[in-house]
Amino acid sequence: MLQAIGLTSAPRRDRPPEVDDLTFEALPGRITALLGAPGSGKTMALRLMLELEPGRGVTYFRGRPLHRVAHPAREVGTLLGDVPGHPARTVRGQLRLMCAVAGVPVTRAEEMLHVVGLDGLGDQRLGTLSLGMDRRLGLAAALLGDPHTLVLDEPAEDLSPRDNSWLYGLLRGHADHGGTVLCTFSDPKEAARVADRVVTVDGGRLVADQDAVAFARTRLRPRVAVATPHAARLGALVSREARAARRSVEVVAEDGAHLSVYGTTCAEVGETAFRNGVLVHRLTEEFGETNPPPPPAPRPAEPPSPPGEATSALPVTDTLNGYSAPTNLPAPPSTSRPHITPTRPRTPLRPLRYELRRLLGVRTTYLLGAAVLVGSVVLAVLLGRGGRTPLPHLAAAWPGLLPLPPAAFGAGVLGALAFGEEYRYPALAADRGTVPRRLGLLLAKLAVSAAAALLLAALTVVLDGQALRLVYGHDLARIPPDWPTLAASWAGLTVGCAWAGLLAAGIFRATTAGLAAVLAVPVLVVPLVQKALSSPHARSVAGLPARLREVAWLRWPHELDGWLTTALHLLARPQGAALALSLAVLLCAYVFTGLRGRARW
């Protein structure tokens with residue numbers, strides 16, 4: 001069951017709220033239509049229910065507000081607009097990505113592909129889907145967690161009749177199995193045909209809350225639509241026979257060949273045309289919307305219940321001509337109405353699996369890796385021909401003219417895409433328009449980007465060495481004696497670039513910001529650090545491991561002294577110090593922006 005009580009949106013720029021004191025409920029086992037013209041506030045009402053917009057009121061999903069639900073995807077499935085996601089990602093890859101978000105087994109993706117009829121389109125890209133297929137994918141994503149409640153905003157808008165029929169059949173099946181379905185509609189005839197109950201809103205306020213039969217009887221006026229080349233003659237005949245039979249029939253001429261006849265049936269109009277030899281091209285019964293009833297007059301506030309007397313949590317309704325309005329759920333005063341604070345999207349329940357699928361689910365990763373490796377091999381061969389490039393720079397394919405070697409820059413691009421594409425093609429929370437700054441997701445992104453950077457660095461060195469050995473022989477492919485220090489320096493450079501791009505993209509919510517941060521380290525930060533380290537008054541930190549051993553409570557192995565010395569040597573270099581300083585600043589900025597955003601919400 002879904003209960004919305006006193007929903008009121010926050011007014012903006014001295015305008016009245018889009019939703020004002022809206023109260024209704026959607027029962028399990030039934031499809032409830034939230035009907036209203038465009039701009040009536042029905043979409044804002046859904047966003048208030050899902051805690052996507054600030055305001056007042058409360059919405060209970062089986063007795064609990066959404067922020068109290070441990071796993072929202074397993075309680076509420078939503079479809080608000082188009083399906084988010086990278087256009088190059090496949091349908092199957094998108095659903096598997098969302099499985100990691102919802103914390104459900106990956107086999108659930110295949111089940112949902114079968115349920116929504118996309119079995120043969122699992123390998124199709126999101127950017128190539130038609131509107132009907134995109135809507136089916138959205139429903140599959142909404143159903144991944146097997147939710148009890150479905151909240152859908154205009155799910156059948158612009159769909160073909162075939163897709164319409166399939167969609168409403170799926171929703172009816174969900175309701176027949178005990179689920180709750182709430183959909184918004186703009187067309188009254190569609191709402192009356194599909195829904196079991198129709199809640200009408202206008203100007204953000206409740207106008208009527210009726211079952212579908214009462215809604216069709218009181219809000220939709222039945223008529224017989226006639227198309228005939230003798231419209232005037234047939235209209236006169238129908239009116240004359242109705243007067244003779246003392247029946248109330250109204251004939252309205254739409255144009256020269258069409259009539260609308262109210263107060264009769266297709267059979268009666270057809271018999272009149274047959275008896276008088278009038279040719280009829282079209283004869284059908286339709287429903288046309290009448291003016292909505294005015295909202296109910298406000299009721300006086302009921303006296304408070306005596307102490308100890310139980311009060312019902314469900315609305316008791318008065319019914320008159322099919323119209324019902326809640327009576328024992330009066331809107332509380334605005335000062336006591338609970339606030340709706342937009343909740344931040346949840347971190348994926350399986351963040352590491354989510355991040356791996358995000359990285360490997362698009363062709364960008366593979367194309368970028370291939371470009372980096374090919375570029376590194378070409379640069380290494382060209383540098384080896386000159387004979388003046390040091391061996392470490394030769395293995396990394398790092399000419400002095402470039403601020404970074406291809407592998408380090410490629411790792412920075414992968415890091416920048418890790419957060420940048422989340423904002424451009426959101427997969428976690430399309431409706432919230434942001435990406436959560438949660439520790440689990442950040443650690444997963446740091447770990448996956450570091451692993452990708454190390455793999456790229458290792459492949460670069462191996463392929464460059466093999467290319468140099470193939471072209472110039474074994475002289476340029478020898479292993480230097482200080483290879484552990486060089487390997488640590490190379491790994492630190494690539495991982496540091498990946499993390500710099502990732503953190504900067506997370507702070508500024510753009511991939512270009514991450515790339516700018518990666519390039520700023522060698523172009524701007526390194527010269528400043530080099531100038532500071534070259535001061536004649538700078539002191540040396542030689543012997544620091546031994547001094548740490550003396551003051552430490554625990555005695556570490558002597559082999560650790562070598563690793564500490566190597567780390568200090570790396571930090572003493574301008575590149576290492578600049579990279580460490582940049583990462584520290586970016587991490588502090590990331591934490592600061594996350595805390596500030598949390599305080600603002």
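- Between the side chain of Tyr366 and the main chain of Leu360, a donor-acceptor pair closer than 3.5 Å is present.
- Within the 4.5 Å cutoff, the side chain of Val69 has no heavy atoms near those of the Val76 side chain.
- Side-chain atoms of Asp163 and Arg136, non-hydrogen and from C-beta on, do get closer than 4.5 Å to each other.
- Inter-residue side-chain proximity for Phe409 and Leu368 is flagged as unmet; no heavy-atom pair is nearer than 4.5 Å.
- Of all non-hydrogen atoms in Pro406 and Ser376, the two that sit nearest each other are CB-OG, 3.5 Å.
- Ala408 and Cys497 make their closest contact through O-CB, 3.4 Å (heavy atoms, listed as atom of the first residue, atom of the second, distance).
- How far OG1 of Thr184 is from CE of Met44: 13.5 Å, rounded to the nearest 0.5 Å.
- Between Tyr425 and Val362, every side-chain heavy-atom pair lies at or beyond the 4.5 Å cut-off.
- In this structure, Thr511 contributes its side chain and Leu417 its backbone to no donor-acceptor pair below 3.5 Å.
- With hydrogens and angles disregarded, no donor-acceptor distance shorter than 3.5 Å links the side chain of Trp499 to the backbone of Leu503.
- Tested against Leu137, the residues Leu118, Val116, Leu79, Leu121 include a single side-chain contact (heavy atoms from CB on, under 4.5 Å) partner, Leu118.
- The main-chain N or O of Leu359 is found under 3.5 Å from a side-chain atom of Thr365 such that the two form a donor-acceptor pair.
- For the pair Val101/Leu144, no side-chain contact is recorded, criterion being any heavy-atom separation below 4.5 Å from C-beta on.
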Practice item. For side-chain contact (heavy atoms from CB on, under 4.5 Å), just list the numbers for Leu463 and Gln466, CA-CA rounded to whole Å, side-chain angles, deciding distance to a tenth of an Å, and then say yes or no. Key: CA-CA 5 Å; Leu463 292 180; Gln466 293 298 324; 5.5 Å; no
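- Looking only at side-chain heavy atoms (C-beta outward), His67 and Thr341 stay at 4.5 Å or farther from each other.
- Between Arg424 and Arg509, every side-chain heavy-atom pair lies at or beyond the 4.5 Å cut-off.
- Here the shortest heavy-atom pairing between Ile507 and Ala589 reads CD1-CB, 3.5 Å.
- Side-chain contact, Thr43 with Asp153: a donor N or O sits under 3.5 Å from an acceptor N or O.
- For the pair Tyr423 (side chain) and Phe508 (backbone), a donor-acceptor distance under 3.5 Å is absent.
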Point to revise | Stepwise side-chain contact (heavy atoms from CB on, under 4.5 Å) check, Leu46 with Thr78 | key: CA-CA 10 Å; Leu46 295 190; Thr78 63; over 6 Å; no
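- In this structure, Leu129 CG and Gln124 CD are separated by 5.0 Å, a value rounded to the nearest 0.5 Å.
- Between Arg12 and Glu53, at least one side-chain N (NZ, or NE/NH1/NH2) sits under 4.0 Å from a carboxylate O, which counts as a salt bridge.
- Between the Arg358 side chain and the Leu97 main chain, no donor and acceptor come within less than 3.5 Å of each other.
- A side-chain donor-acceptor contact under 3.5 Å links Thr460 to the backbone of Leu456.
- Taking every heavy atom of both residues into account, Ala418 and Glu355 meet most closely at CB-OE2, 3.9 Å.
- With values rounded to the nearest 0.5 angstrom, Glu157 atom CD is found 8.5 Å from Leu131 atom CG.
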Exercise for review: List the steps, then state whether side-chain contact (heavy atoms from CB on, under 4.5 Å) holds for Thr90 with Arg125.
Suggested key: CA-CA 4 Å; Thr90 64; Arg125 307 288 175 180; 3.5 Å; yes
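- Between atom CG of residue Leu502 and atom OH of residue Tyr590 there is a gap of 8.0 Å, rounded to the nearest 0.5 Å.
- Taking 4.0 Å as the cut-off between side-chain N and carboxylate O, Arg92 and Asp123 count as a salt-bridged pair.
- The CZ atom of Arg357 lies 10.0 Å from the CZ atom of Arg350; values are rounded to the nearest 0.5 Å.
- Of all heavy-atom pairs between Leu404 and Pro522, the closest is CG-CG, 3.8 Å.
- Of all the heavy atoms in Pro405 and Trp490, the pair that sits closest is CG-CZ3, 3.5 Å.
- Once rounded to the nearest 0.5 Å, the distance linking CG of Leu80 with CD of Glu154 reads 11.5 Å.
- With hydrogens and angles disregarded, a donor-acceptor distance shorter than 3.5 Å links the side chain of Ser9 to the backbone of Glu18.
- Residues Lys445 and Leu441 meet the side-chain proximity criterion, which asks for heavy atoms closer than 4.5 Å.
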**Study point:** From CA spacing to verdict: side-chain contact (heavy atoms from CB on, under 4.5 Å), Leu143, His174
**Key:** CA-CA 10 Å; Leu143 292 168; His174 184 80; 4.2 Å; yes
